[in-house]
Structure formats: structure tokens, C-alpha cells
Amino acid sequence: MYGKSSTRARLLLLGIQLAALWPTAAVEIYTSRVLEAVNGTDVRLKCTFSSFAPVGDALTVTWNFRPQDGGAEQFVFYYHVDPFRPMSGRFKDRVVWDGNPERYDASILLWKLQFDDNGTYTCQVKNPPDVDGLVGEIRLSVVHTVRFSEIHFLALAIGSACAVMVTIVIVVVLFQHFRKKRWAERAHKVVEIKSLALS
């Protein structure tokens, strides 16, 4: 009798340990976390996800907004098989679906940015049975002009390097051209001198 009880306890303990090691069904969300955009422009709020379950008709995506100055959370967008835009509020006629669930993309486009769009946008994806997981966040700052960033610096550096290379190529080609022209003129003069000397 003691042996059966001990075996059951061991099996139960083994089952609990295996359950703890088994990957949990949770959706993982990936966002840019911080985003800066110019007032009056359009911006893509990128939200991608990974899920253990295949994407199907049960997938839902919910976007919400928390203003920077506080206040209640506001509905931005909802997707379930088809996109559902807000019928009223600050985001009415300003937000569209830009995602592709088959590519694990739940992004939206926000049009005509305003300064009161500053705040935190949350992206929540549920793909049953994967319904748990963290909510993705993007802190959006709407500004007058975009600050000089590392990307701008990199673009400027690459552009400058290309301009220098083009300039070097042009100088080398012109130098070769004028050198050949000068040699041709010298050769022509030598021929003239020889023909004058022979006559």
C-alpha cells in the first residue's frame, strides 16, 4: 500500500515539474516602444506578435490610448476578422488597419497627427488559445520638427561618402581625358616636326 501511494506522489510531482517546464501559451508583442512624429503627418504604429497557436478567425487586436496628461483610456481600434474603426471620438476617421495577421502584424495607421495625440498607445493581441501575454506599448511624441537622430546622421554620412566617391571618379576620368589629349597633341607636333624636317 505504501508503494502505490509513493508512486502516485512521484508521478504527480513529475507532472507538475513537466507542466512548469512546458512553454506557456502566451502571445508575445513587439513594438517600437518610443516614437516621434511631426504634427500634421501620418504615422504607422507598428505592432507585431508571435504566437504558439496558428492565426485563425479567433484572433482579436485591440488598440487603446492613454493621454500624456492623464485621463481615461480611450478606444482607438479593434480587429476581429474585419477591422472596426471608431464611430466617434478623437480617432474617428483618423485611424485605419495596416496589419496582416498572416504575417503576425497588427499595425495601424494614424492620420493627421495633432499635439493632443501625445501619449501611450497599447496593442493587445489575443489568438486563442494564446490569450495571455503582455500588452505592447508605444509612447508617441508629436513634435514641430523631428530631431536630428542617429538615422539622419547615418544617412548624411552615407550620402557624403557617395558624393566624395563620385567626385573622385569624375576627377580621375577628367585627368585621364586631358592627359590623353595632351599626349595626342604632342604626338601630332612630333609628326609635324618630322614631316617638316624631311621636306
Side-chain angles (χ1 to χ4, degrees), residues 22-160 162:
W22 196 262
T24 57
V27 177
E28 292 187 29
I29 307 284
Y30 309 99
T31 65
S32 59
R33 298 193 186 271
V34 176
L35 185 61
E36 191 174 85
V38 177
N39 183 41
T41 63
D42 305 334
V43 69
R44 184 173 196 256
L45 300 179
K46 185 176 179 181
C47 176
T48 57
F49 64 95
S50 65
S51 174
F52 287 106
V55 174
D57 289 344
L59 176 87
T60 62
V61 177
T62 307
W63 279 89
N64 289 310
F65 169 70
R66 285 190 316 269
Q68 185 176 19
D69 57 3
E73 189 170 77
Q74 300 171 26
F75 169 73
V76 177
F77 196 86
Y78 182 75
Y79 176 90
H80 179 230
V81 180
D82 290 314
F84 295 93
R85 293 196 230 180
M87 301 308 283
S88 62
R90 75 167 46 199
F91 298 108
K92 181 183 180 199
D93 299 326
R94 292 185 52 225
V95 63
V96 292
W97 177 248
D98 195 40
N100 183 346
E102 293 173 359
R103 294 188 178 197
Y104 301 94
D105 188 352
S107 304
I108 58 173
L109 279 175
L110 184 57
W111 293 337
K112 302 173 191 159
L113 286 178
Q114 305 164 5
F115 289 113
D116 61 352
D117 291 332
N118 282 320
T120 302
Y121 293 79
T122 60
C123 171
Q124 183 178 24
V125 178
K126 292 186 179 184
N127 185 35
D130 291 0
V131 293
D132 295 324
L134 298 175
V135 175
E137 291 189 349
I138 300 173
R139 194 172 73 241
L140 177 66
S141 296
V142 180
V143 296
H144 287 288
T145 58
V146 178
R147 284 183 251 147
F148 199 72
S149 68
E150 292 174 5
I151 301 239
H152 291 106
F153 178 74
L154 182 61
L156 181 65
I158 290 171
S160 299
C162 289

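Side chains included, hydrogens not; waters and symmetry mates left out as well; all remaining heavy atoms used. Just so you know, residue 1 is the first one in the sequence shown, and it goes up from there.
Distance alone, capped at 3.5 Å, places no donor-acceptor pair between the N64 side chain and the T122 backbone. Judged by distance alone, the side chain of D130 and the main-chain N or O of A53 form a donor-acceptor pair under 3.5 Å. In this structure, H80 contributes its side chain and T62 its backbone to no donor-acceptor pair below 3.5 Å. A donor-acceptor pair is defined here as one N or O able to donate and one able to accept, closer than 3.5 Å; no such pair exists between the side chain of W97 and the backbone of R85.
Ring pair F65/Y121 is tilted by interplanar angle, where 30° to 60° counts as tilted. Note on ring orientation: taking the six-membered ring where Trp is involved, the planes of Y78 and F84 are tilted (angle from 30° to 60°).
Under the side chain to side chain contact (heavy atoms under 4.5 Å, CB included) rule, K126 has a single partner from T60, L59, V27, which is T60. Residue Q68 forms a side chain to side chain contact (heavy atoms under 4.5 Å, CB included) with just one option from D116, V142, N118, D117, and that option is N118.
With salt bridges taken as basic N to acidic carboxylate O contacts below 4.0 Å, none links R139 and E36. Under 4.0 Å is where a charged nitrogen must lie from a carboxylate oxygen, and between D42 and R94 no such pair does.
Listed here is the closest heavy atom pair of A106 and W63: O-NE1, 3.0 Å.
Note that NE2 of H144 is 7.0 Å distant from CG of N39, once rounded to the nearest 0.5 Å.
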